[in-house]
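What follows is a set of notes on a single structure, which appears directly below.
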Amino acid sequence: MAVRVRFAPSPTGYLHVGGARTALFNWLFARHHGGEFRLRIENTDTSREVAEAVDQIQGTLAWLGLDLDGEVTSQLDRMAHAQEVARRLVDEGHAYEDEGAIRFRMPDEGTTAWEDVVLGRIEYPNEQLEDLVLVRSDGRPTYNFVSPLEDALDGITHVIRGQDHVSNTPKQLRILEALGAEIPVYAHVPLLNGPDGRKLSKRHGAITVEDFRAQGYLPDALVNYLALLGWSYDDRTEIMTREELVERFTLDRVGASAATFDYQKLEWLNGVYLRGLAPDVYADALVTYLREQGYEWDEELVRRAAPLVQEKIAALGEFPAFAGFLFARVEPDPALLGDGAVLPAAAETLAGVEPFEADQIETALRGLAERLGLKPREAFQPIRLALTGSAVSPGLFESLELLGKEESLARIGGSGRGGASGSSAR
RNA sequence: GCCCCCAUCGACUAGCGGUCCAGGUCACAGCCCUUUCAAGGCUGUAGCGCGGGUUCGAAUCCCGCUGGGGGCACCA
């Protein structure tokens, strides 16, 4: 039987990284087996916010590169059918009416068990199973009824979801059984925690995939990182392409315990991916990112600046703070300003450099440092500060070249205070 | 309270009875390189929660404890 899985989020807003991880595992499993990956929206009303959330979720999945099969389905479309099935269950004695609602009759004795692919055998005492409401008194079916019903309707072969659904499983199993439906294979993947060991939430920082996108993370890096949370290939392979992940992903290597989301490791991985991009691809990514974030900076200059930062930043979001001085003057931190003694000499030296290119600039400035008896660091740091407004920046010589002689000299001035007063573009 | 699940360095994990005085990666520390910051190279600190079993032998199997998580809706 061909594999068919589904990701079934409730449309409450942007996709959470935990949800994205669940979606990823489903997608990897489907692609690994040449099966189908479907999106099913689990909702109960038709409000505008829901429609937006559905679009957002689809947009996020697309950005992550998790392509869908078949149409996106919605619980809404099956309400009438669910009601019919519920009535049939009443007729067959599996359910009964209760104050206008329809309740499913759960067994009172024995146990309900299943072989979970990641958790192993799980047994629930049936006395724990309450007669659950299938259809509310207002006619709307409930999640625990529609979810297994739709799994059956759609021919879902494997239900891969978060462990927060473990306790729903015995109830859904009982319903599927009463329906006479095929029982899918269940795989409950571990949940994600924040750095403090508690449920990952906004207080920990970025939480939705869109948050990470806005910070300049690459979809490939996020996908790679998420795959490593609860799953591993072996004892040493961590950096894998999408194709490698698809080829290597198996549910039996998914762990059973919760994983802590490590922002630092994600950042490191993103840096690895960023540095690994071909220069033109990197420039494209940077241009696209800055445009998405609303920066209206000269594209040509951004492209020329790209090589200066590729080795230095771990997320595209660091670019404005790191290289923003190329697009607008930045006032140096007064606390960092020295006496500026080398500045006049530097200005004089630079004025004579022709052509104004990194190599020539470097030769000239190193010569200056030697003549003044200064260590490179001592000579260059004041210039860097005057030029970039910061003690941390891209390479000094390349930065000078990009800024051009005129602007560079204007910033270095010679007064020791860097640039004409009020000239800072802010 | 009841039910279910989980438990290897700070974090992600490898380990499926002996090849583990526990390996890799991030983070952290030191050194090297160096125009700052990164990157890179080298080295290092750091872990099998506790107690009982089983076995010639346990991180690996069993039981208990402790700790953590999840769930107990006419929410999803």
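Computation of the quantities below employed the complete heavy-atom set of this structure, encompassing side-chain atoms and omitting hydrogens, waters and symmetry-equivalent molecules. We name chains A, B, ... by the order of the sequence lines, and we start the count at 1 in each one.
A residue-by-residue look at A:L228 and A:R103 shows that A:L228 has its nearest nucleotide of RNA chain B further toward the 5' end. The residue among A:G230 and A:E398 whose nearest nucleotide of RNA chain B is located toward the 5' end is A:G230.
Using a 4.0 Å heavy-atom criterion, one finds that A:E99 contacts the bases of the nucleic acid, with or without backbone contacts as well. If you check every strand for non-hydrogen atoms under 4.0 Å, A:Q264 touches sugar and phosphate atoms only. If you check every strand for non-hydrogen atoms under 4.0 Å, A:A256 touches sugar and phosphate atoms only. Residue contacts for A:D98: at a heavy-atom cut-off of 4.0 Å it reaches a base atom on one of the strands shown. Residue A:P394 is in base contact, counting any heavy-atom pair closer than 4.0 Å across all strands shown. Using a 4.0 Å heavy-atom distance criterion, A:N144 is classed as a base contact. Looking at heavy-atom distances under 4.0 Å, A:F397 makes contact with a base. Looking at heavy-atom distances under 4.0 Å, A:R161 makes no contact with the nucleic acid at all. Using a 4.0 Å heavy-atom distance criterion, A:E311 is classed as a base contact. In this structure, A:R366 reaches the bases: a heavy-atom distance under 4.0 Å links it to at least one base atom across the strands shown.
One cannot find a donor-acceptor pair under 3.5 Å joining the base of B:rU35 and the side-chain atoms of A:R377. You'll find a donor-acceptor pair under 3.5 Å spanning the side chain of A:S137 and the base of B:rC74, going by distance alone. Between the side chain of A:K375 and the base of B:rU35 there is no donor-acceptor pair of N/O atoms closer than 3.5 Å. One can find a donor-acceptor pair under 3.5 Å joining the base of B:rA76 and the side-chain atoms of A:N168.
When rounded to the nearest whole Å, the span between OH of A:Y225 and P of B:rA11 equals 12 Å. Between the CD atom of A:Q128 and the P atom of B:rG1 there is a distance of 15 Å, rounded to whole Å. Atom pair A:Y233:OH and B:rA14:C1' shows a separation of 13 Å (rounding to whole Å applied). Residue A:R384 contributes atom CZ, which lies 8 Å from atom C1' of B:rC37 at whole-angstrom precision. B:rC4 atom C1' lies 11 Å from atom NZ of A:K171, rounded to whole Å. As rounded to whole Å, 19 Å separates atom P of B:rG71 from atom CG of A:L173. Protein atom CG of A:D164 is 20 Å distant from nucleotide atom P of B:rG68, rounded to whole Å. For the pair A:E238 CD and B:rA11 P, the computed distance is 16 Å after rounding to whole Å.
The gap from the P atom of B:rG67 to that of B:rC75 amounts to 35 Å, rounded to the nearest Å. Rounded to whole Å, the separation between the P atoms of B:rC65 and B:rC21 comes to 32 Å. A distance of about 43 Å separates the P atoms of B:rC31 and B:rG70, rounded to the whole Å. With both ends at atom P, the span from B:rU25 to B:rG40 equals 12 Å, rounded to whole Å. Of the C1' atoms belonging to B:rU45 and B:rA27, the separation is 12 Å, rounded to the nearest Å. Comparing B:rC61 with B:rU54, their C1' atoms sit 8 Å apart, to the nearest whole Å. The gap from the C1' atom of B:rA76 to that of B:rC16 amounts to 36 Å, rounded to the nearest Å. The gap from the P atom of B:rG52 to that of B:rU60 amounts to 14 Å, rounded to the nearest Å.
Across the strands present, B:rC33 finds no partner; the criterion is a Watson-Crick or G-U wobble pair with both atom distances under 3.5 angstrom. Summarising the base pairing, B:rU19 is matched to no nucleotide, lacking a Watson-Crick or G-U wobble pair whose two defining distances lie under 3.5 Å. B:rC72 and B:rG1 make up a base pair, with Watson-Crick or G-U wobble contacts both under 3.5 Å. Base pairing of B:rG44: its partner is B:rC28, meeting the Watson-Crick or G-U wobble criterion (both donor-acceptor distances under 3.5 Å). With both pairing distances under 3.5 Å, B:rC65 is matched to B:rG49 as a Watson-Crick or G-U wobble pair.
Listed nucleotides: B:rU35, B:rA14, B:rC3. Nearest to the side chain of A:S232: B:rA14. Across B:rA14, B:rG71, B:rA76, the shortest atom-to-atom separation from the side chain of A:E42 is found for B:rA76. Checking B:rA7, B:rC12, B:rC37 against the side-chain heavy atoms of A:L229 singles out B:rC12 as nearest. Distance from the side chain of A:D235 is smallest for B:rG23 among the nucleotides B:rG24, B:rC37, B:rG23. Taking only side-chain atoms of A:I122, from C-beta outward, the nucleotide of B:rC6, B:rC12, B:rC5 with the closest atom is B:rC5. Residue A:L396 places its side chain closer to B:rU35 than to any other of B:rU13, B:rU35, B:rC6. Proximity note for A:K199 (side chain, C-beta onward) versus B:rC37, B:rG70, B:rC26: the nearest is B:rG70.
Summarising the geometry, atom CD belonging to A:E42 is positioned 4.5 Å from atom OG belonging to A:S147; distances are rounded to the nearest 0.5 Å.
Side-chain contact check for A:D77 and A:S74: no donor-acceptor pair (N or O, by modelled atom type) lies under 3.5 Å. Checking A:N144 against A:T142 by side-chain atom types alone, no donor-acceptor pair falls below 3.5 Å.
Here A:R275 reaches the OP1 or OP2 of B:rG40: one of its side-chain N or O atoms lies under 4.0 Å away. Dashed line: the shortest gap from a side-chain N or O of A:R236 to OP1 or OP2 of B:rC12 is not under 4.0 Å. Using a 4.0 Å cut-off, some side-chain N or O of A:T260 falls inside it from OP1 or OP2 of B:rC12. Between A:R198 and B:rG69, a side-chain N or O to OP1/OP2 separation shorter than 4.0 Å is present.
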Original post:
Where do A:H188 and A:T169 land on the side chain to side chain donor-acceptor pair (under 3.5 Å) test, with the steps shown first?
Top reply: CA-CA 10 Å; A:H188 288 94; A:T169 308; 3.1 Å; yes

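By the ring pair (Phe, Tyr, Trp, His ring centres under 6.0 Å) test, A:H158 pairs with A:F29, sequence neighbours left out.
Within the 6.0 Å centre-distance limit, the rings of A:F397 and A:F380 are counted as a close aromatic pair.
Annotation: cation-pi pair A:R253/A:F249 absent, no NZ/CZ under 6.0 Å from the ring centroid and within 45° of its normal.
Ring orientation note: the planes of A:Y225 and A:F261 are nearly perpendicular, at an angle over 60° on the 30°/60° scale. Below 30°, between 30° and 60°, or above 60°: for A:W297 and A:Y295 the angle between ring planes is between 30° and 60°, a tilted geometry.
Counting non-hydrogen atoms of other residues, nucleotides and ligands closer than 6.0 Å to CD of A:E370 gives a total of 12 or fewer.
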